[in-house]
Each structure stands twice: as C-alpha cells, then as structure tokens.
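Below, each value reflects all heavy atoms present in this structure, side chains not excepted, and no hydrogens, waters or symmetry copies. Numbering of residues begins at 1 and proceeds along the displayed sequence.
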Amino acid sequence: MASMAQFCYILGPSNLRQKYSSFRFCFQNPIYRKNALSSINLTFHAKPSSVSSSIVCSAANKPSSSSEVSSAAKIRSEVLTPFRSVRMFFYLAFIASGALGGLIALTQLIAALSNPARSSEVPDILTSLGIDIGAVSIFAFLYFRENTAKNAQIARLSREENLSNLKLRVDQNKIISVSSLRGIARLVVCAGPASFIVESFKYSEPFTEGLLERAVLVVPFAIDGNSPSLEFDDSEDTKEITAKRKRLWQLTPVYVTEWFEWLDEQKKLAGVSPESPVYLSLRLDGRVRGSGVGYPPWNAFVAQLPPVKGIWSGLLDGMDGRVL
C-alpha cells in the first residue's frame, strides 16, 4: 500500500507532506483511498453538447538512473526469493567438493593404472570418480538453472522499476511518477494508434463505474504521433457518469521517448511487432499483472479484480492475480 508521503505528494501541497508523521494512518481507511482517486482531476475543453479531451504527450526527455534501478531490482529479487542465495552457495560448495574428490580419484586412478600391483583398486576408484563426476554435473545443472531464474527475475524487476520511474501528467501543473500510484490505483496502459485509443475509450464506457470501484486508471499512449480526441457527453442527464469517465481517462504520459523505449523493449521480449496495439495492466503494488495485443478486456478487469472499498478493502489488496 502506498505511503502517506506519496499520497500527500499526489494530492496535496507541500505543507501536507510535512504532516505525514501525524496522518500516516489515514490512508489505511478505504474512504481516504477513494478520495485519493476522485481528487485527481484533469481539465477538459468544453463544447456546447460535449466535452473533448486531447491527449498531448511531451516529447522532452531526461536521463535515466539505470544503476539505481539495477540496485533496486537486485534488492527486490533478494526479498522475493530470500533463500536463493543460500541454495546457490551450497550448490557451489557441492560442486567444489565433487571436483576436489574427482581430482583425487583421478590421481589415484593414474597411480593404480601405472602400478600392476594396484590393479584390483581400479573398479573402486572408477566408481568413486563416476560418483564425483555425477555430483558435479547435477549440482552444476541446478546452479545454472537457479542462476538463469535469478537473471530472468532481475531483468523483469528492472523493467518494472523502469516502468515505475516513467512520468504521468495529472493536470497542467502536476507531474508524478508511476510509482507514486502504488497502492492507490491499478494502471492500465493502452498503447496504440490514436484510433485504437478512441475505440478502447468507447468500449470501456459500460464498465466505467466498475473500473473506478476497483481503482483502475487508464494511461492512453498514442504511438503514431497523433492526439486522440476523447468525446464526453456533457448533457445534464449524464453529468455524473461523464465526471467518472473523465477521472478514468485522466492520466497522460510525459517524456514520451522513455515510454517508447520501455514499450519497444516489452514488445521485443514478447515477440510482438512494434506497430501492434497492446495493453498492459498493473497490480496495486505496481507489478505487471497481465498484457496482450488488442483492446483491454474491461469486462475481465471488472470480473476478476476486487473492489478497493467496503469490508473487503485491504483484505483482498493482494488478490490482483499472478505476476507475469
């Protein structure tokens, strides 16, 4: 769950952050978490019969801290698999022990073969040498498999850390990182041409209330350079649902070069063409929950994700699904 310091940074002025020590308990209340989502607003340009939002991404860039991300990924890997280092240490110890035993057995075998009087010892020496070679082979395989899994986990965690450092625009005056929304919102990155984003926007309309109840916020990212125009009905009858629609689609990616680099890396690893429209859903803890080519499955999100309010809030916070 996100800390109160992150909550104050997103929603409040600097004087709120100074009072973190007195109010850090408040965000544990589901009401405060709901208010956190509802307080993030975006300015839209009004029209007589509708409201239009044009998503504009900043093309500015800034240096990334890859060394810091790598260290953070290694620490997270140790936390997630605390006994992996112990297993790898024992694997190396057994490899060294077997190699030393094999070296001793090999010297004994050479001495026995060169001395006819010790020929009766050769079968026993060969048995001992075979056992040592087998042990070295088995533990080397286990070490290699463990090391491969460790490297894969660190690479995945590094990509997640890179994603958490990407920036989002909440409104004209506030830019936050993806990590600032950990414990507050489940982000769904919708990346594709402007037409794809507009269609995804339309498909999400019947599920707006259910998505917001589950703290889902959409990050539309146009990869073709065009700005998708999201039209909202501003009539009096749909005023409430329109406000919720605006809140669902309020975030805008900035520093687009970094977003492009991260998305291209993900597509290459998944074997997806760079032009393909994709979606990526995150858990409340900021880890990747699911991804795919095409439109986000809004109905599946509503069916599978637990609400973030009510008596089940907090108890089901970790029930976001397995990590990819």
Side-chain angles (χ1 to χ4, degrees), residues 1-2 6-7 10-11 27 30-42 44 53 55 160 163-164 166 168-171 176-192 196-222 228 230 232 240-253 259 263 277-292 294-310 312-324:
M1 182 173 292
Q6 294 174 332
F7 172 71
I10 298 171
L11 304 178
F27 194 72
I31 298 177
Y32 284 93
R33 179 157 55 183
K34 179 180 179 182
N35 292 337
L37 294 174
S38 61
S39 298
I40 307 176
N41 296 316
L42 184 64
F44 296 88
S53 170
I55 299 172
E160 291 180 356
L163 174 61
S164 69
L166 297 178
L168 296 170
R169 184 182 299 278
V170 179
D171 55 36
I176 63 175
S177 62
V178 173
S179 61
S180 300
L181 295 174
R182 284 178 179 171
I184 298 177
R186 298 181 173 105
L187 297 184
V188 176
V189 180
C190 187
F196 167 78
I197 294 177
V198 172
E199 290 298 317
S200 299
F201 170 77
K202 294 178 180 178
Y203 291 152
S204 69
E205 183 173 4
F207 309 100
T208 299
E209 293 188 6
L211 292 171
L212 288 177
E213 288 177 356
R214 288 152 180 81
V216 174
L217 293 179
V218 184
V219 181
F221 180 42
L230 307 182
F232 298 89
E240 182 178 354
I241 189 64
T242 298
K244 293 180 179 180
R245 297 277 288 156
K246 293 176 184 178
R247 183 149 40 100
L248 180 63
W249 289 81
Q250 63 190 293
L251 300 176
T252 305
W259 279 90
L263 187 62
V278 296
Y279 73 89
L280 184 80
S281 64
L282 304 183
R283 307 190 334 165
L284 269 178
D285 58 6
R287 304 181 68 184
V288 177
R289 176 182 180 272
S291 60
Y295 299 106
W298 306 116
N299 57 337
F301 293 155
V302 173
Q304 297 173 2
L305 297 175
V308 294
K309 64 180 181 179
W312 300 110
S313 178
L315 179 63
L316 297 178
D317 279 356
M319 305 300 179
D320 284 18
R322 66 183 183 89
V323 178
L324 294 183

Closest contact, heavy atoms only, Pro228 versus Val198
CB-CG2, 3.8 Å

Chi angles and distances behind the side chain to side chain contact (heavy atoms under 4.5 Å, CB included) call for Leu282, Arg287:
CA-CA 6 Å; Leu282 304 183; Arg287 304 181 68 184; over 6 Å; no

At their closest point, which heavy atom of Ala185 faces which heavy atom of Leu217, and how far apart are they?
CB-CD1, 3.8 Å

For the residue pair Lys246 and Phe232, establish whether any side-chain heavy-atom pair is separated by less than 4.5 Å.
yes

Kindly indicate, with the supporting measurements, whether the criterion ring pair (Phe, Tyr, Trp, His ring centres under 6.0 Å) is fulfilled by Phe196 and Tyr279.
CA-CA 11 Å; Phe196 167 78; Tyr279 73 89; 8.9 Å; no

N/O donor-acceptor pair under 3.5 Å between Arg186 side chain and Arg283 backbone
no

Start with the C-alpha gap between Leu181 and Leu168, add the side-chain angles, then the distance that decides, and say whether side chain to side chain contact (heavy atoms under 4.5 Å, CB included) holds.
CA-CA 10 Å; Leu181 295 174; Leu168 296 170; 4.1 Å; yes

Closest heavy-atom contact between Leu251 and Pro220?
O-CD, 3.3 Å

Please check: side-chain N/O of Arg247 versus main-chain N/O of Ala243, any donor-acceptor pairing under 3.5 Å?
no

Check whether Phe201 forms a cation-pi arrangement with Arg245 (NZ or CZ under 6.0 Å from the six-membered ring centre, at most 45° off the ring normal).
yes

Return the set of residues passing side chain to side chain contact (heavy atoms under 4.5 Å, CB included) with Glu199 (not counting sequence neighbours), or none when no residue passes.
Lys202, Tyr203, Tyr295

Answer yes or no: is there a side-chain heavy-atom contact under 4.5 Å between Val278 and Leu263?
yes

Does Ile241 form a side chain to side chain contact (heavy atoms under 4.5 Å, CB included) with Glu205? I'd like the steps, not just the answer.
CA-CA 9 Å; Ile241 189 64; Glu205 183 173 4; 5.8 Å; no

When you compare the side chain of Val308 with that of Pro306, does any pair of heavy atoms fall below 4.5 Å?
no

With a 3.5 Å distance limit and no angle check, can you tell me whether Ser180 reaches the backbone of Ile176 through a side-chain donor-acceptor pair?
no

Under the side-chain hydrogen bond (donor to acceptor under 3.5 Å, both in side chains) rule, what do Arg289 and Gln304 come out as? Steps first, then yes or no, please.
CA-CA 11 Å; Arg289 176 182 180 272; Gln304 297 173 2; 2.6 Å; yes

Would you check if Arg182 and Ser164 make a side-chain contact, meaning some heavy-atom pair closer than 4.5 Å?
yes

4.5 Å side-chain heavy-atom contact, Leu280 and Phe221:
no

Tightest non-hydrogen contact, residues Val219 and Pro253, listed as CG1-CD, 4.0 Å

With Val216 as partner, the option from Leu187, Val302, Val188 fulfilling side chain to side chain contact (heavy atoms under 4.5 Å, CB included) is Val188

For Ser200 and Pro296, the nearest pair of non-hydrogen atoms, with its separation, is OG-CD, 3.7 Å

Might you work through the side-chain hydrogen bond (donor to acceptor under 3.5 Å, both in side chains) test for Trp298 and Thr208, ending with a clear yes or no?
CA-CA 9 Å; Trp298 306 116; Thr208 299; over 6 Å; no

Does the side chain of Gln250 pick up a donor-acceptor pair with the side chain of Arg169 at under 3.5 Å?
no

To the nearest 0.5 Å, what is the distance between CG (Leu284) and CD1 (Ile184)?
9.5 Å

For Ser204 and Leu248 the tightest heavy-atom approach is OG-CD2, 4.4 Å

